[in-house]
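Shown next, in structure tokens, is the structure this report addresses.
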2 protein chains.
Amino acid sequence: MRSYGQYCSIARALDVVGDRWTLLIVRELLLQGPCRFTDLKNGLPGVAANLLSARLKELEAAGLITREDAPPPVATALYTLSETGLALEPVLRALGLWGLRFMAVERPDDAFRAQWLAYGPAWFTTDVDPDAPPAVIQLVASDESAVIELRDGQVHTRLGRATDPDLILDGPPRAVLGLLSGMLDLQRAGQLGLSVRGRRDLLTRLRPVTQDRAHTQDEVRQ
Amino acid sequence: MRSYGQYCSIARALDVVGDRWTLLIVRELLLQGPCRFTDLKNGLPGVAANLLSARLKELEAAGLITREDAPPPVATALYTLSETGLALEPVLRALGLWGLRFMAVERPDDAFRAQWLAYGPAWFTTDVDPDAPPAVIQLVASDESAVIELRDGQVHTRLGRATDPDLILDGPPRAVLGLLSGMLDLQRAGQLGLSVRGRRDLLTRLRPVTQDRAHTQDEVRQ
DNA sequence: CCGTATCCGAGCCGATACTG
DNA sequence: CAGTATCGGCTCGGATACGG
């Protein structure tokens, strides 16, 4: 990418990760862990193979990822986030939290993946009642499924199915994520096709993180 | 910008602010407050007028800024961040904090502005001794100047000159910002041309924010 | 199967010139 | 001052083909 030519840490950051697809590649590596080329391609529907290949080279050159030849059983290259790449997590969290406001409309041809179902609750909700007993919530949306585990006051998530969940949320992505992010209440989510089975009371334990007002406006200004 | 076509809040956010220059326009509006076209152009060295014009239209259409005709004395359009636009502050903070690591090398032709000198201390340092008496630090770098005010446990900054600062830091941007961000110690900053006059002890009151390790890696993954 | 290389049309970007 | 118009060049996206 062409440099902005500004001695400013925001501009410098964008010099490195401002290119199209770059931050989404980091997203996948953060959510999936070390990936093969094909894992990334699957997690990035719409990316062209040549572009992905080019970006991976750039990211490696910039020190955000390392490329290693996996041990014999796999025998293929693995892309792994470096310390510098991992440090982008707060950026992706902030961006994802801000982007929630644009999730209200679901476009018919949008792609959807289980890992995008999973990071929302983990990053953007907290357990209101940390001392309550552990609980498991099964999420299902568009054939993709993930599990929320409430334990030790933390909201963990993982992909796949739970054996005996306390609560099952099943419906279109917009309904499931809208409910969990606090943009929809149970009634509205139901209208959008959400099915809720099991202990509804668990929903009150999940509090969506609220974005705090900005307050810089009159701070830096002359 | 072409949509990524993914039902993911990060991708949605990038659909809106992923275009080149867009986040830097938001940066200027956040740091400067409501701006005229020319204020933005000055704060964004390198941007082409047509591109700035196009971005402002897109940002207005997306609801991040409003364009108002200023009252008679000014008689020109003013661009102002909306609530949605202001809410990007955490994203720019996270990006700017991450980008600090790339500030070690100063490229000869990089542009520099006083507001970029000011936001660093305000966003990325804290006052270690909140009960100590107020103090004023004058920053000067590349003909641009800003003032740090330590008061009530907060680190405020503003552009321009202070009348009677307790401490004056003067030198190349890299030396001033490097010292304040904790990337350089006093000795190294001095070698890079930093001049320090006044109460050096105030420097120990400013603690650079440290970025905490990411810990999602094994959280969302199956 | 994994990843790279090449080609091409469409659209975005950047520089300059121009207008009210 | 506040933009608009134009145009060359580059990047992107998609397809295809190639080498390990």
Side-chain angles (χ1 to χ4, degrees), chain A residues 1-6 11 14-25 28-29 32 34-62 65-80 109-111, chain B residues 1-6 11 14-25 28-29 32 34-62 65-80 109-111:
Chain A
M1 134 166 293
R2 188 191 169 90
S3 167
Y4 284 106
Q6 302 182 355
L14 291 173
D15 281 347
V16 178
V17 296
D19 258 325
R20 194 164 163 77
W21 290 107
T22 301
L23 277 176
L24 295 187
I25 293 171
E28 286 305 310
L29 288 168
Q32 294 193 45
C35 285
R36 295 168 302 172
F37 187 88
T38 311
D39 300 327
L40 288 170
K41 194 145 181 6
N42 289 336
L44 296 163
V47 76
N50 57 355
L51 200 54
L52 179 55
S53 177
R55 289 287 178 276
L56 289 171
K57 283 188 177 64
E58 293 162 9
L59 284 171
E60 191 184 3
I65 65 174
T66 57
R67 181 203 153 110
E68 301 158 61
D69 290 321
V74 190
T76 180
L78 267 189
Y79 299 94
T80 307
D109 292 342
D110 270 1
Chain B
M1 134 166 294
R2 187 190 169 91
S3 166
Y4 285 107
Q6 301 182 355
L14 291 173
D15 282 347
V16 178
V17 297
D19 258 325
R20 193 162 163 78
W21 290 107
T22 301
L23 278 177
L24 294 187
I25 293 171
E28 286 307 308
L29 288 168
Q32 295 193 44
C35 285
R36 293 169 302 170
F37 189 88
T38 311
D39 300 327
L40 288 170
K41 195 147 181 5
N42 288 338
L44 296 164
V47 77
N50 59 351
L51 200 53
L52 178 55
S53 176
R55 288 289 177 274
L56 289 170
K57 283 188 176 64
E58 294 163 8
L59 285 170
E60 190 183 4
I65 65 174
T66 57
R67 181 202 153 111
E68 299 158 63
D69 290 322
V74 190
T76 181
L78 267 189
Y79 299 93
T80 307
D109 293 342
D110 271 1

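Proteins come first, then strands; the chains are lettered A, B, ... in the order of their sequence lines, and each starts at number 1.
- Among the protein residues, A:Lys57 comes within range of the sugar-phosphate backbone only, with heavy atoms under 4.0 Å from sugar or phosphate atoms but none that close to a base.
- Residue B:Trp21 places its side chain closer to C:dG14 than to any other of C:dG14, D:dG14, C:dT4.
- A cation-pi contact, defined as under 6.0 Å to the ring centre and within 45° of the axis, is absent between B:Arg67 and B:Phe37.
- The side chain of A:Arg20 lies closest to D:dC12, out of C:dC13, D:dC12, D:dT4.
- In the set C:dT4, C:dC13, D:dC12, the nucleotide with an atom closest to the side chain of B:Leu51 is C:dC13.
- Scanning atom types as modelled, one donor and one acceptor separated by under 3.5 angstrom connect the side chain of A:Asn50 and the base of D:dG14.
- Of the residues near DNA chain C, B:Gly46 and A:Phe37, the one whose nearest nucleotide (by heavy atom distance) lies more toward the 5' end is A:Phe37.
- Rounded to whole Å, atom C1' of C:dA5 lies 15 Å from atom CG of A:Leu56.
- Here the CG-OG1 distance, from B:Leu51 to B:Thr22, works out to 8.0 Å after rounding to the nearest 0.5 Å.
- Taking NZ of A:Lys41 as the reference point, atom CG of A:Leu52 lies at 7.5 Å (rounded to 0.5 Å).
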As a quick check of understanding, evaluate salt bridge (charged side-chain N to carboxylate O under 4.0 Å, His left out) for A:Arg55 and A:Glu58, giving each step before the final call. CA-CA 5 Å; A:Arg55 289 287 178 276; A:Glu58 293 162 9; 3.4 Å; yes
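- In this structure, A:Arg67 does not reach the C:dG3 phosphate: none of its side-chain N or O atoms is under 4.0 Å from OP1 or OP2.
- For the helix from C:dC1-D:dG20 to C:dG20-D:dC1, the end axes, each set by the C1' atoms of five terminal pairs, are bent relative to each other by 30° (nearest 10°).
- Rounded to an integer number of Å, the gap from A:Asp109 CG to D:dG13 C1' is 17 Å.
- Nearest to the side-chain atoms of A:Ala48 among the listed nucleotides C:dA15, C:dG3, D:dG13 stands D:dG13.
- For the pair B:Leu24 CG and C:dG14 P, the computed distance is 11 Å after rounding to whole Å.
- Rounded to a whole Å, the CZ atom of A:Arg2 is 11 Å from the P atom of D:dC10.
- Rounded to the nearest 0.5 Å, atoms CG (A:Asn42) and CD (A:Glu28) are 9.5 Å apart.
- Protein atom OH of B:Tyr4 is 12 Å distant from nucleotide atom P of D:dG14, rounded to whole Å.
- Distances were taken from every side-chain heavy atom of A:Arg36 (C-beta onward) to each of D:dG14, C:dT4, C:dG3; the shortest belongs to C:dG3.
- A sub-4.0 Å separation between OP1 or OP2 of C:dC1 and a side-chain N or O of A:Thr38 is absent.
- Distance A:Leu52 CG to D:dA15 C1': 16 Å, rounded to the nearest Å.
- Here the CG atom belonging to B:Leu56 is positioned 12.5 Å from the CH2 atom belonging to B:Trp21, to the nearest 0.5 angstrom.
- One can place CG of B:Asp19 at 15 Å from C1' of D:dC10, the figure rounded to the nearest angstrom.
- Closest non-hydrogen pair, A:Arg36 versus A:Thr76, comes out as CD-CG2, 3.4 Å.
- Here the OH-CG distance, from B:Tyr4 to A:Leu24, works out to 5.0 Å after rounding to the nearest 0.5 Å.
- In this structure, CZ of A:Arg55 is placed 11 Å from C1' of D:dG13, rounded to the nearest angstrom.
- For B:Ser53, taking side-chain heavy atoms from C-beta onward, the closest of the listed nucleotides C:dG3, C:dT4, D:dT4 is D:dT4.
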